[in-house]
Protein chains: 2
Amino acid sequence: MRNNITLKELAKLLNVSVSTVSKALNDSPEISQKTIERVKELAALHKYRPNPVAVNLKSSKSGTIGVIIPNISNSFFAKVLSGIEAKAQQEGLQVITYISNESLPREKEIAELLTSGIVDGVLVAISEETQRKKEYDHLINLVEYNIPLVLYDRTNLDIPVDKIGVDDEKSLEEATALLLSKGVKKIGLATSIHHLGLGKLRIAGYKKALRNEDDFLIANSSRIEVLREKTEKLLLEDKVDALVCTDFESTMLSYRIAHENSIKIPQDLKIIGFLGKELATHLSPSISYIEQFPEKIGSKGMELLVKRIKGYTETGQTTEKIIQTELVHLESTVF
Amino acid sequence: MRNNITLKELAKLLNVSVSTVSKALNDSPEISQKTIERVKELAALHKYRPNPVAVNLKSSKSGTIGVIIPNISNSFFAKVLSGIEAKAQQEGLQVITYISNESLPREKEIAELLTSGIVDGVLVAISEETQRKKEYDHLINLVEYNIPLVLYDRTNLDIPVDKIGVDDEKSLEEATALLLSKGVKKIGLATSIHHLGLGKLRIAGYKKALRNEDDFLIANSSRIEVLREKTEKLLLEDKVDALVCTDFESTMLSYRIAHENSIKIPQDLKIIGFLGKELATHLSPSISYIEQFPEKIGSKGMELLVKRIKGYTETGQTTEKIIQTELVHLESTVF
DNA sequence: CTGAAAGCGCTTACAG
DNA sequence: CTGAAAGCGCTTACAG
């Protein structure tokens, strides 16, 4: 049953004033070396730690940043959080996590909460619903409250804040182009996220690489059974030689359908998908995937935010960073 | 460029004292209905929100709880966090996330940080290194600082705090027993976590079900290549009819080895593994798995913590809860 | 029913 | 070099 000692108590023990103790602990040049030493010694002895809440009240800084995550069970976001956390630790900042569960109302609630000054800055990946309904007032509101804001991953919305994203279009364009360069003729695309901004960009990349509209072979549905039918058609009727998949669901489904129909990967079918490294490498055969470096997105996003908080960035000027993706070749694209 | 209005400013605008405003907003019976209405109206107009930092300083509560997570990329922990978050939201609490990366030094740092009273309570799953070295002083220290502490998931250590865990031994015992009851003869076990408390318990469950030592067929190694060799031996030489796997790594590896050697699942080999639902159902064939209900662990853990914080639990008395696991049958155990 | 005062634990401009 | 005082934004026992 221990209690944290306060400045006041320390001062009493030392027979000096609270101000002197405070200054000594902060290495103020106003205080003599001797006093500084005396104070620090006793402070260490009693394991004094400044009450962060009181410090925050004085400085009107909370020393914490808020992170809004659409879905933490998505390993992409879990890794982004990991990157954010690591950087925060370096900076001596705390991370408060908010999970929006892809819900706009929840996101609004969170944003509302954050206007009370509970955090010094916010990192947001907007929810699916927010993307669909294009309602950004709650985010703009944060900016008006002078709360530094950085958008990560889901950045294709037009509000003037710092952004850190992935070049989603380019990622699938390059993947598709690579298959073409290897002489693959029929390349299909499977997607369960065509209705999201993210999915649209990835599909656009695929189309850009193929150029000719007649070559587009797309299976799209957010309903798994429909997507299954469409993908089966691609594999069995159109007999595609390769499939690029825009997300976990479509990647795993394609893999499953191939297996069920004894279509051999990579001999009969190449696959490139979006999966985390652990999963992609552990599948059999392993699946070539597009690495997005989520930890890097987290840490770079945090960097942008810290600059903003410290006022290094000019107001009225925003930065947009793109983390380049990388196609990782595994067994599913062996030629 | 908006700024949060303070009680003082509100008081000036209303020509009443700060105390009156404060009491009115808190529906104090000391204040007349008329004044309460006037105050609330203006507060709403100016979107007044109490500065949480100041409130915390008065109440010496931070309104936040800390969660120490060994590894957020592990989807089990991500889901636990999700459960914690959901419950925290109900309780109006903030969640500060700390990732220990399975490191004891980092865990100590975090614990040290938390003694400053930055949080009202802590949920901890200890790191692997902490488990191995059995160093718990930093946790005991938290208790001595009167910071309510709840251990989740990794709970087999002897310190007197509330715990919320999984019955790891029973989970594999039941899984193994089920296979036996279906007439499966040779049941092997693959594990990459035999050196961890968790792994030991799961292995103990397997042994308990089999009873006879001569029947134990175990492939264990934390080095993937060694585990591969041992598991191959189990499959190709010992010709086991079923494999129970204690973790992601061993489950995926077994699956992969079976595939490489054209061993048909479930015809030639049944598999029961530890995987998240999404992955287990999306594999082809899908893998029967042991559901641990991580969200429930999170929310129940949070419940224990909240009770402790509110002082509903008697000091000196600790609760230990176990969340029952459930074997989910998918294609890999079709008979 | 309303307000002045003290105080939560700290920092800092100012005086001595 | 040290200390008294004011103040960060709030709450609450006490007086009127």
Side-chain angles (χ1 to χ4, degrees), chain A residues 2-40 42-43 46-64 92 113 115-120 145-146, chain B residues 2-40 42-43 46-64 92 113 115-120 145-146:
Chain A
R2 214 183 286 179
N3 247 317
N4 275 317
I5 195 167
T6 66
L7 274 195
K8 208 182 183 177
E9 291 160 339
L10 231 36
K12 185 175 278 178
L13 289 172
L14 287 160
N15 267 318
V16 294
S17 73
V18 171
S19 354
T20 301
V21 178
S22 170
K23 287 175 193 165
L25 290 172
N26 291 307
D27 283 313
S28 160
E30 289 183 28
I31 306 293
S32 72
Q33 267 311 312
K34 220 178 89 190
T35 311
I36 292 188
E37 277 164 30
R38 269 183 68 214
V39 171
K40 287 197 170 175
L42 195 76
H46 288 276
K47 299 199 179 180
Y48 169 76
R49 349 204 79 238
N51 178 331
V53 175
V55 176
N56 293 343
L57 184 58
K58 278 302 293 183
S59 63
S60 37
K61 291 270 169 211
S62 66
T64 66
L113 195 71
T115 59
S116 71
I118 216 169
V119 295
D120 296 341
Y145 269 100
N146 283 325
Chain B
R2 214 183 285 179
N3 248 317
N4 273 318
I5 194 166
T6 66
L7 274 194
K8 207 182 184 178
E9 290 160 339
L10 231 35
K12 184 175 279 176
L13 289 172
L14 287 160
N15 266 319
V16 295
S17 73
V18 172
S19 355
T20 303
V21 178
S22 171
K23 288 175 193 162
L25 290 172
N26 291 309
D27 283 314
S28 160
E30 289 183 28
I31 306 293
S32 72
Q33 266 311 310
K34 220 179 88 190
T35 309
I36 292 189
E37 277 164 31
R38 269 184 68 215
V39 171
K40 286 199 171 173
L42 195 74
H46 289 274
K47 299 200 176 178
Y48 169 77
R49 350 204 79 237
N51 178 331
V53 175
V55 176
N56 293 343
L57 184 59
K58 279 303 293 183
S59 63
S60 39
K61 291 267 170 214
S62 67
T64 65
L113 194 71
T115 59
S116 72
I118 216 167
V119 295
D120 296 341
Y145 269 100
N146 283 324

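Nucleotide dC10(C) holds its P atom 12 Å from the CG atom of N56(A), rounded to whole Å. A straight line from CZ of R49(B) to C1' of dG9(D) spans 16 Å, rounded to a whole angstrom. Distance N51(A) CG to dG9(D) C1': 14 Å, rounded to the nearest Å.
For S19(B), no side-chain nitrogen or oxygen approaches OP1 or OP2 of dA4(C) to under 4.0 Å. Contact annotation: T20(B) reaches the phosphate of dG3(C) (side-chain N/O to OP1 or OP2, under 4.0 Å). For the OP1/OP2 pair of dC10(C) and a distance below 4.0 Å, the side-chain nitrogens and oxygens of Y48(A) include at least one atom meeting the criterion.
Less than 4.0 Å separates DNA chain C from at least one heavy atom of each of the following residues of residues 24-39 of chain A: N26(A), E30(A). Taking every heavy atom of residues 6-18 of chain B and every atom of DNA chain C, pairs under 4.0 Å involve V16(B), S17(B), by number.
Relative to the side chain of K58(B), the nucleotides dG7(C), dT11(C), dA13(D) differ in distance, and dG7(C) lies closest. Proximity note for L57(A) (side chain, C-beta onward) versus dT11(C), dC8(D), dC8(C): the nearest is dC8(D).
For the residue pair G63(B) and N56(B), the shortest heavy atom distance occurs at N-OD1, 4.4 Å. Taking each heavy atom of R38(B) and L14(B) in turn, the nearest pair found is NH2-O, 2.9 Å. A pairwise comparison of heavy atoms in S32(B) and T35(B) identifies OG-OG1, 2.7 Å as the closest pair. Considering every non-hydrogen atom in both S62(B) and G117(B), the closest pair reads CB-O, 4.4 Å. Heavy-atom minimum distance, L57(B) versus A54(A): CD1-CB, 3.8 Å.
In DNA chain D, stems built from 3 or more consecutive Watson-Crick or G-U wobble pairs, each with both distances under 3.5 Å, span C:1-3 with D:14-16, C:5-12 with D:5-12, C:14-16 with D:1-3.
Under the 4.5 Å side-chain criterion, counting only non-hydrogen atoms from C-beta, L25(A) is in contact with Y48(A). With a 4.5 Å cut-off on side-chain heavy atoms, N51(B) and T6(B) do not count as touching. Looking at T115(B) and K47(A), their side chains never come closer than 4.5 Å, going by heavy atoms from C-beta outward. Side-chain contact between K8(A) and K12(A): absent, with no pair of heavy atoms (C-beta onward) separated by less than 4.5 Å.
Rounded to the nearest Å, the gap between the P atom of dG7(C) and that of dA4(D) is 16 Å.
Separation of atoms OG1 (T64(A)) and CD1 (I118(A)) is listed at 7.5 Å; rounding is to 0.5 Å.
Counting only distance, with no hydrogens or angles, the side chain of S22(B) and the backbone of V18(B) share no donor-acceptor pair below 3.5 Å.
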